[in-house]
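See below for the structure under consideration.
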Amino acid sequence: MITSISTARPALQLCAASLLLLATAVPGRALDEASQVALGKTEYIAHCAACHGAGGKGDGPVAEVLAKKPLDLTRISARYSGQFPRDAVQQVIDGRNMINPHGDRGMPVWGNRYFQSAMSLAEGVPHDVDVQALAFGRVAALVTYLEAIQE
Ligand code: HEC
């Protein structure tokens, strides 16, 4: 099923642009770091800033009404004794492997959304598309961007 483009058009256009950028990257070769940071930033502003704030400080407009406050994303390394925990951050953003016995987590499960969106994008493409890799690429770009904004 192809999801309607008419809903949330600006956000979807951004997603489609980022996905196409990833899809044109040589398979098996990651985007260089500067491109990942640029892509991650676009993705961040579109999907994360509302809660975490444009600068990552946890002061986005939506933060006020959340029961769980978003964390300051510029201080992740500081919270992990100076080491940026790439894998853990990747897991938190993807969210599909997170078990949450104590009720709702404050973070949306981005892995599912990126997977769905990669599926609908791949629908119209006349050759094989590695849907998991597309979804993973978006999360990886976000992780690289977050690593770049650590204080
Ligand atoms: C609906 C609000 C909301 C949105 C949108 C959101 N987050 Fe979060 N995020 C939270 C909250 C609340 C937490 C606090 C932890 C929790 O859920 O228990 C959090 C935690 C995190 C953490 C863990 C930080 C740490 O030090 O443990 C990371 C990383 C993160 N978010 C990244 C992102 C990224 C990247 C996006 C965009 C793709 C995003 N968030 C979008 C609300 C949000």
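Read the numbers this way: they start at 1 and go in the same order the structure lists the ligands and their atoms. Just so you know, these numbers use all the heavy atoms, side chains as well, and skip hydrogens, waters and symmetry mates.
Hydrophobic cluster membership is shared by Phe84 and Ile149, with clusters built from Ile, Leu, Val, Met, Phe, Trp and Tyr side chains linked at under 4.5 angstrom. No path of Ile, Leu, Val, Met, Phe, Trp and Tyr side chains, each step under 4.5 Å between heavy atoms, connects Met119 with Leu134, placing them in separate hydrophobic clusters.
Enumerated by chain and number, the residues approaching ligand 1 to less than 4.0 Å through a heavy atom are His47, Cys48, Cys51, His52, Leu66, Lys68, Lys69, Pro70, Leu71, Leu73, Ile76, Arg79, Val89, Val92, Ile93, Gly106, Met107, Pro108, Trp110, Tyr114, Leu142.
Minimum heavy-atom separation, Ile45 to Ala54: CD1-O, 4.2 Å. The minimum heavy-atom distance between Arg113 and Pro108, with the atom names listed, is NH2-CB, 3.7 Å.
Under the ring-ring contact (aromatic ring centres under 6.0 Å, His included) criterion, the residue pairs touching residues 116-151 are Tyr44-Tyr145, with sequence neighbours excluded.
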**side chain to side chain contact (heavy atoms under 4.5 Å, CB included) between Leu142 and Tyr114, intermediate numbers included** = CA-CA 12 Å; Leu142 277 164; Tyr114 290 154; 3.6 Å; yes
